[in-house]
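Report on the following structure.
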Amino acid sequence: MTLTEPSERQELRAAVAELAAKYGHEYYLGKARGGGHTSELWDEAGRLGYLGVSVPEAYGGGGAGIGELAAVCEEFCAAGTPMLLMVVSPAICATVIARFGTDEQKARWLPGFASGRVRMSFAITEPDAGSNAHRITTTARRDGGDWVLSGRKVFISGVDEADAVLVVARTSDARTGTLKPALFVVPTDSPGLEYRAIPMDLVSADKQFELLLDDVRLPGDALVGEEDAAIAQLFAGLNPERIMGASFSAGIARYALDKAVRYARDRSVFGAPIGSHQGLAHPLAEVKIELELARLMTQKAAAIYDSGDDAAAGEAANMAKYAGAEVAVRAVDQAVQVHGGNGLASEYGLGTMLAAVRVGRIAPVSREMILNYVAQHSLGLPKSY
């Protein structure tokens, strides 16, 4: 057992960090505030193979695991260029298709994931379901050899950039209260599919959308994997999502902590750098400790998932996501405090992150639901909901 990353992953981190630094946070904010997308960064990362590190080699990818993809995501965030679609497209969608897709589906989609040419959104959240996935009402019914999907999804990231959406529906005979999800690849130009931007107070290059499916007709091969085995397939995608979410948060925490430490070293008040005062030094040291613990838990979750143990990965991935979100919120808040009034000045690139890191406590699963999971499954306490 080793608690350090292999040299190959460390080299990958260094290469990704170099690319991200070439763009930087000002590039990202310019895109976010102007309503644009980080297309140039995404496309270059794809050409260099960074977005496809976990896609099987047979389809042009790097053949590595979710641990490598999470490292890529963390380095982009640590450079101030967070790309939320990384959590969705290569982590959830490519993983599900690689593990459960037909040969034809793999041949159609995986080479595009490997090169970054394909962007795919993931749609599970519904307005009336909340955290209760058993209340999903989007349905898929058979009509001859086709499938027909109807329903509504909300807070779906990056639909305007995506070639397709991996939609979680439930088959039409599963209205007994028992969840029987099925996964469908829905091209974004499908008749009957509409999406509308949700106005958000976040400054982000990744937009959120409401998705409307009005009798969207799909061919039979739009179903990914087996209709009756989709619950396992669903969580095979959600565990990587949690691991990537943890890395996303850890990267932002690193970005904020780095800026805070540099400012605390350079800013001098009352004849000494402000970082020499324990009132600022100790909180930053605490953030550093919590950050390294979160990163270690994320690496553990990725290692367990990559070993093929989906059940154990669920516990570790949830814990990692929780830890990452908590330290990101604290890191950004403390960085703003260290900067004083400058922490809210646009020049310093921190104010916009106050709301952004808060998302980590809500999505893709709330901190309360993670605590419920740990209480029930890790501690053996009675189910509370």
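These values consider heavy atoms only, across backbone and side chains, with no hydrogens, waters or symmetry-generated copies.
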Geometric cation-pi criterion K153 and F155, 6.0 Å radius, 45° cone: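 Here K153 fails the 6.0 Å and 45° test against F155.
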Side-chain ion pair, R254 and D258, N-O less than 4.0 Å: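 No salt bridge links R254 with D258.
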Test: D310 and R99 ion pair at under 4.0 Å: yes
About how many Å separate [atom2] of [Y] and [atom1] of [X], when rounded to the nearest 0.5 Å?
| X | Y | atom1 | atom2 | answer |
| --- | --- | --- | --- | --- |
| E241 | C93 | CD | SG | 9.5 Å |
| L284 | Q337 | CG | CD | 10.5 Å |
| S366 | N372 | OG | CG | 7.5 Å |
| E40 | K31 | CD | NZ | 3.5 Å |
| L211 | F209 | CG | CZ | 10.0 Å |
| L19 | R47 | CG | CZ | 9.5 Å |

Mutual orientation of the aromatic rings belonging to H25 and Y28 [parallel < 30°, tilted 30-60°, perpendicular > 60°]: parallel
Trace of the salt bridge (charged side-chain N to carboxylate O under 4.0 Å, His left out) decision for D43 with R119: CA-CA 11 Å; D43 291 343; R119 295 168 172 83; 3.1 Å; yes
Could you report the tightest heavy-atom contact between [X] and [Y], atom names first, then the distance?
| X | Y | value |
| --- | --- | --- |
| C73 | F248 | SG-CD1, 3.8 Å |
| N239 | A317 | O-CB, 3.8 Å |
| A20 | F76 | CB-CD2, 3.6 Å |

Linking I/L/V/M/F/W/Y whenever any side-chain heavy atoms sit under 4.5 Å apart, do [X] and [Y] land together?
| X | Y | result |
| --- | --- | --- |
| V336 | V327 | no |
| V185 | F113 | yes |
| Y263 | I252 | no |

For V365, side-chain contact (heavy atoms from CB on, under 4.5 Å) partners two or more places apart: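 Here the qualifying residues are R242, N318, K321, M369, I370.
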Is it true that atom [atom1] of [X] has more than 12 heavy atoms of other residues, nucleotides or ligands lying nearer than 6.0 Å?
| X | atom1 | result |
| --- | --- | --- |
| K300 | NZ | no |
| F270 | CZ | no |
| E18 | CD | no |
| R33 | CZ | yes |

Verdict with supporting geometry, E75 and Y50, side chain to side chain donor-acceptor pair (under 3.5 Å): CA-CA 11 Å; E75 293 305 321; Y50 301 149; over 6 Å; no
Working for salt bridge (charged side-chain N to carboxylate O under 4.0 Å, His left out), residues E161 and K207: CA-CA 9 Å; E161 300 179 73; K207 306 300 185 290; over 6 Å; no
Verdict with reasoning, R295 to L291, per side chain to side chain contact (heavy atoms under 4.5 Å, CB included): CA-CA 6 Å; R295 296 181 72 205; L291 172 59; 4.0 Å; yes
Derivation of the salt bridge (charged side-chain N to carboxylate O under 4.0 Å, His left out) call for R135 and E126: CA-CA 9 Å; R135 293 187 61 188; E126 295 188 1; over 6 Å; no
Full working for side chain to side chain contact (heavy atoms under 4.5 Å, CB included) between M319 and S378: CA-CA 10 Å; M319 289 181 175; S378 303; 3.9 Å; yes
Partner of M120 by side-chain contact (heavy atoms from CB on, under 4.5 Å), out of V159, V186, I97: I97
Residue pair D206, S157: steps toward the side chain to side chain donor-acceptor pair (under 3.5 Å) verdict: CA-CA 6 Å; D206 299 282; S157 303; over 6 Å; no
Non-hydrogen side-chain atoms of M353 and V203 separated by less than 4.5 Å: no
Criterion salt bridge (charged side-chain N to carboxylate O under 4.0 Å, His left out) on K288 and E292, from CA distance to verdict: CA-CA 6 Å; K288 174 63 175 176; E292 292 308 316; 3.0 Å; yes
